[in-house]
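Before any comments, here is the structure.
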Amino acid sequence: MIPSIERVSTLIDRPRIEARIAELGARISEEYAGRDLTMVGILKGSVPFLSDLMRAITVPVQVDFLEVSSYGGGMESSGVVRLVKDLSHPIEGKNVLIVEDIVDTGLTLRYLLDVFAHRKPASVAIATLLDKPEGRQPGTPLLPDYIGFTIPNRFVVGYGLDLGGYFRNIPYVGVYHPPEEDE
Ligand code: 5GP
């Protein structure tokens, strides 16, 4: 079933997202000055964030993608992370910046950090548009290096984040209110 956009209420509007990405891009450009930077977008949710963030970065970057799946299409994480598509190029000796849409339990990041550590990059850092620190599971990374916005423990959609594959194209971040909330 196609979910209704009427159930989405704005949490972070587009001007705020744009302003914050400009700040993050400036910070990343400063911190990676003179170094080789490889941005790794985690498909599919990171696509809008990655495409805006890379254009806010002034140092030379390379871009690659990796796809993982942890949500079975609904609002609850299955807790099991699966590699769906691997990188196209080796990252040995590279400064890698993982670009995520949201960090919730931290299980996806823990999995990715583990996968990457075996490939001997020069460094690994994490940029996420959204952080839900209340969702963190024990033993998972607490703090991404670059955070767009810290948000409450609500299910959000838009700006890359989906519900059953829909809503990724909404140009802002909103809270999805499921029909059960009406009861
Ligand atoms: P984690 O492994 O940290 O629990 O979650 C990471 C992934 O779960 C994200 O990349 C995203 O795909 C999904 N996720 C976590 N929280 C939300 C949310 O509030 N909304 C949506 N649409 N996806 C989420």
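Partner of V157 under the side chain to side chain contact (heavy atoms under 4.5 Å, CB included) criterion, chosen from L11, L163, D162: L163.
Going from atom OG of S123 over to atom CG of L37 covers 8.5 Å, rounded to the nearest 0.5 Å. The CD1 atom of I126 sits 10.0 Å away from atom CD1 of I42, with the distance rounded to the nearest 0.5 Å. If you take CG on N95 and CZ on R35, they are separated by 4.5 Å, rounding to the nearest 0.5 Å. Separation of atoms CD (E100) and OG (S46) is listed at 7.0 Å; rounding is to 0.5 Å. To the nearest 0.5 Å, atoms CD1 (I102) and CG (L129) are separated by 8.0 Å. Distance check: I151 CD1 to L130 CG gives 4.5 Å after rounding to the nearest 0.5 Å.
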Go through it in stages, so that I can follow the logic: the residues are V103 and R136, the test is side chain to side chain contact (heavy atoms under 4.5 Å, CB included), and I'd like the CA-CA distance, side-chain angles, deciding distance and then a yes or no. CA-CA 8 Å; V103 181; R136 226 48 119 249; 3.6 Å; yes
What verdict does the side chain to side chain contact (heavy atoms under 4.5 Å, CB included) test give for I28 and L53, after you've listed the backbone C-alpha separation in whole Å, the side-chain angles of each residue and the deciding distance to 0.1 Å? CA-CA 10 Å; I28 292 168; L53 184 62; 4.1 Å; yes
Decide yes or no on side chain to side chain contact (heavy atoms under 4.5 Å, CB included) for D104 and N153, but give the supporting numbers first. CA-CA 8 Å; D104 180 15; N153 207 1; 4.1 Å; yes
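In this model, no donor atom of one side chain and acceptor atom of the other lie less than 3.5 Å apart for T150 and D131.
A search for side-chain contact (heavy atoms from CB on, under 4.5 Å) contacts involving R119 returns D86, L87, I91, V115, not counting sequence neighbours. Residues satisfying the salt bridge (Lys or Arg N to Asp or Glu O under 4.0 Å) test with R154, not counting sequence neighbours, are E181. Partners of Y146 under the side-chain hydrogen bond (donor to acceptor under 3.5 Å, both in side chains) rule, at least two apart in sequence or in another chain, are E31. Residues that satisfy the side-chain contact (heavy atoms from CB on, under 4.5 Å) test with Y172, not counting sequence neighbours, are I5, V8, T10, I170. Qualifying side-chain contact (heavy atoms from CB on, under 4.5 Å) partners for R20, counting only residues two or more places apart in sequence or in other chains: E23, L24, F149.
Put simply, L161 and F167 are part of two different groups of oily side chains (I, L, V, M, F, W, Y) that touch within less than 4.5 Å, one to the next. In the hydrophobic clustering of ILVMFWY residues, with side-chain heavy atoms under 4.5 Å counting as a link, V40 and L83 come out together. V99 and I147 fall into different hydrophobic clusters, defined by Ile, Leu, Val, Met, Phe, Trp and Tyr side-chain heavy atoms under 4.5 Å apart, directly or through other members. In the hydrophobic cluster analysis, where Ile, Leu, Val, Met, Phe, Trp and Tyr join through side-chain heavy atoms closer than 4.5 angstrom, V96 is grouped apart from L50. In this structure, L109 is not a member of the same hydrophobic cluster as M39, with clusters built from ILVMFWY side-chain heavy atoms closer than 4.5 Å.
Residues D101 and F49 have side chains not in contact (no heavy-atom distance under 4.5 Å, counting atoms from C-beta outward). Looking at heavy atoms from C-beta onward, I98 lies in side-chain contact with F116 at the 4.5 angstrom threshold. A 4.5 Å side-chain heavy-atom check between S9 and H177 finds at least one atom pair inside the cut-off.
Within a 6.0 Å radius of NZ in K85, more than 12 heavy atoms belonging to other residues, nucleotides or ligands are found.
Residue G93 comes nearest to A122 through the heavy atom pair O-CB, 3.5 Å, listed as atom of the first residue, atom of the second, then distance.
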Tabulate below the donor-acceptor pairs under 3.5 Å that side-chain atoms of residues 54-68 make, not counting sequence neighbours, or state none.
from	atom 1	to	atom 2	distance (Å)
R55	NE	S51	O	2.8
R55	NH2	S51	O	3.4
R55	NH2	S51	OG	3.4
R55	NH2	D52	OD1	2.9
T58	OG1	S29	OG	3.3
Q62	OE1	K94	NZ	3.0
D64	OD1	S88	N	3.2
D64	OD2	S88	N	3.0
D64	OD2	H89	N	3.1
E67	OE2	K44	NZ	3.2

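By the 30° and 60° cut-offs, the orientation of the rings of F155 relative to Y176 is perpendicular.
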